[in-house]
Structures are given as structure tokens and as C-alpha cells.
J.: 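Below is the structure I would like to discuss, written out as C-alpha cells.
Note that the structure is predicted; figures quoted are calculated from it, not measured.
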Amino acid sequence: MTTHTPVFILSELVILPNQDIKIDVTNEGSKKVIKEASKNNENQVLVIAPKNTLESTFSIEDLPSIGVITKIKSKLELSSGNIRIVLRGLKRVKVAKYFQNRKTNILKCSYEVVELPNFDNSKEIAIKRKLISLTHKYIEINKNVSNSIMQSLKEENDLNFLTDLITSFMPFPFIKKLEYMQCINPIKRASSLIEDLQAEINISDIDRQIDEKLQENLENSQREYILKEKLKEINSELGNDKNVEINELTEKLESLQIDLLTKN
């Protein structure tokens, strides 16, 4: 059991193992925590994210039992007095006890490293394959996700690492990411991710179908407008030699309008 580790509380932000996040620390209490970790704890700090983000202060009894031990990769004191840090998530831990340091008034904790359960090897392989397959499909239809992530997934055999990597770039709301961070069992995390990935893929498919339908309607409307304008132009001209062209354009316009009514 490790004791006397400073606790850094994040609001509406989750860090996962093997993930880097950059934060500007503005709160005076949080600045003390970062300085304490740098000076006496080898740049390590426990990061937790309470569910009730509306509270400005937290009681020890309400703090979560699962957090992530992080390492301060870099620290820069800004001219504004704030501190800009980059945290690297290391591992999930189970908090044994929170306590307030009487001298510094800094929140600290003792914790135990989370032990992962044993898995059925065949089940783990099957889940991992399904997870990677769906992630690949998700990345293909979401261009804002780097393709380099896919290579990292293929090269990684640790399901625990895979689930955290995928969760880190998924557009989940705060509460859902918090649930993934606090879930110890990688098999459960992977199963939930498979469901969530499939749901996101289905939503993307529906969005694409809607966009295609809107584009088709727009193109048809533009064609209808051009035909109408051409009819106006012809009608404004003199001569009977235009009657054939007017009839042809009228037929095209009526046919187009019938098509639109049928599709809608």
C-alpha cells in the first residue's frame, strides 16, 4: 500500500492510464498540490473526478474510491501566476483512505494497486478482435480520428490498454468516460465499448443518409429553379418557334416535380 500521495481533483475532465492531458492550474489549493507532488512525491499525484461537478467543495466521504495515479511530465509557471502542467496517466488504483494534511491542508490518500481478474483466453481474443474491427470501422467514417491510432491498436495485445486508448478518443460525455475510468474489469469495459462503438457507427450511418437525401433534394430544387428561369426567359421572347422548346421544358419540370413528390 502506498501512502501520503497528494490528490488532484479534476472537474468535468477524466484522465485514463496511458493518456496525456494538458491543464492550466488556476486554483490556489490545486497549485499547492502540484508543488507538493513535485517536491516530495516524485511528481506523482492521484487524479480523481467527482460525479457532482456542481459542488465547489467536496467532503471526503463523497470522493470516489477509484482514481488514476499520474506523473507530472512537465510544469511551467506562467506570468499570470497559474501553472501549466502535462499529466501522464499511469495506472488505476483503489483508494484505501483520504486524509487532510494538518500542516499544509493538502488532501492526500493511501491507495492499493488494482489487481485485474483472470480471463478466459479465447473469450479475451474474440472480444479484442471484435473491438479492433469496430474501432477500425469507426475511424474510417470519422475522419477527425487519426489513422495512426489504428496501427497502435493492431500492435497492442493488452486488452486493458486497448480499452483505455479507445475510450480516450471517443466523443463520450463526462459521466460515461468517468464510468469507463472507474470500471476495473477490462472485459466489461471492452463489452461496453463494443456496444457504444456500434451505436456510434449506426448514428454516423443515419447522419450520412440524411446528408445524401438533403443533397439530392437540393440538387433537384436547383434543377427545378433553372428550368423555371429558362421558361420565363423563353416566354419573354417573341416568336412561335419557341413553342416546342417551351413544351419540352414544361414536361421536364412536371416530371421533376412528380419525382420529388414520390420520393418525399
J.: Can you tell if the side chain of Asp164 reaches within under 4.5 Å of the side chain of Arg92, non-hydrogen atoms only?
T.: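 Yes - at least one pair of side-chain heavy atoms lies under 4.5 Å apart.
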J.: Between Phe172 and Tyr180, how do the two ring planes meet: parallel, tilted or perpendicular, split at 30° and 60°?
T.: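 Phe172 and Tyr180: parallel rings.
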J.: When you check the gap from the basic side-chain N to the acidic O, do Arg208 and Glu212 get nearer than 4.0 Å?
T.: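 Counted as a salt bridge, because a side-chain N and a carboxylate O are separated by less than 4.0 Å.
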J.: Hydrophobic clustering (ILVMFWY, side-chain heavy atoms < 4.5 Å, transitive) - are Tyr111 and Ile60 grouped together?
T.: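 Ile60 and Tyr111: one cluster.
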J.: Consider only side-chain heavy atoms of I, L, V, M, F, W and Y, link residues closer than 4.5 Å, and tell whether Leu46 and Val86 are in one cluster.
T.: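 Different clusters.
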J.: Quick check: is Ile66 connected to Leu116 through a chain of hydrophobic side chains (ILVMFWY, heavy atoms under 4.5 Å apart)?
T.: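 In one cluster with Leu116: Ile66, yes.
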J.: Are Lys51 and Asp62 close enough for a salt bridge, meaning some N to O gap below 4.0 Å?
T.: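 Salt bridge between Lys51 and Asp62, a charged N being under 4.0 Å from a carboxylate O: no.
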J.: Without hydrogens or angle criteria, can the side chains of Asn43 and Ser38 be said to hold a donor-acceptor pair below 3.5 Å?
T.: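 Yes, Ser38 and Asn43 have a side-chain donor paired with an acceptor closer than 3.5 Å.
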J.: Heavy-atom distance under 4.5 Å between the side chains of Phe99 and Leu107, does that happen here?
T.: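 No, too far: nothing below the 4.5 Å cut-off.
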J.: Are any of the side-chain nitrogens in Lys39 or Glu36 under 4.0 Å away from the carboxylate oxygens of its partner?
T.: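 Judged by the 4.0 Å cut-off on N to carboxylate O distance, Lys39 and Glu36 do not form a salt bridge.
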J.: Could you tell me whether the side chains of Asn202 and Gln198 share a donor-acceptor contact shorter than 3.5 Å?
T.: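 Yes, side-chain donor-acceptor contact under 3.5 Å.
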J.: Using the rule that two of Ile, Leu, Val, Met, Phe, Trp, Tyr join whenever any of their side-chain heavy atoms come within less than 4.5 Å, decide whether Ile175 and Ile184 are in one cluster.
T.: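 Linked, Ile175 and Ile184 end up in one cluster.
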J.: Locate the shortest heavy-atom distance separating Lys128 from Asn157; write the atom from each residue and the value.
T.: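 In this case the closest contact between Lys128 and Asn157 is NZ-O, 3.2 Å.
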J.: Return yes when atom NZ of Lys137 has more than 12 non-hydrogen atoms of other residues, nucleotides or ligands closer than 6.0 Å, and no otherwise.
T.: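 Check fails, neighbour count at 12 or below.
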J.: Please determine whether residues Val33 and Leu13 belong to a single hydrophobic cluster, defined as Ile, Leu, Val, Met, Phe, Trp and Tyr linked transitively by side-chain heavy-atom distances below 4.5 Å.
T.: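 The answer is yes; both residues are in one hydrophobic cluster.
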J.: Check this for me: Asn118, atom CG, are more than 12 non-hydrogen atoms of other residues, nucleotides or ligands nearer than 6.0 Å?
T.: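 Not buried by this count: 12 neighbours or fewer within 6.0 Å.
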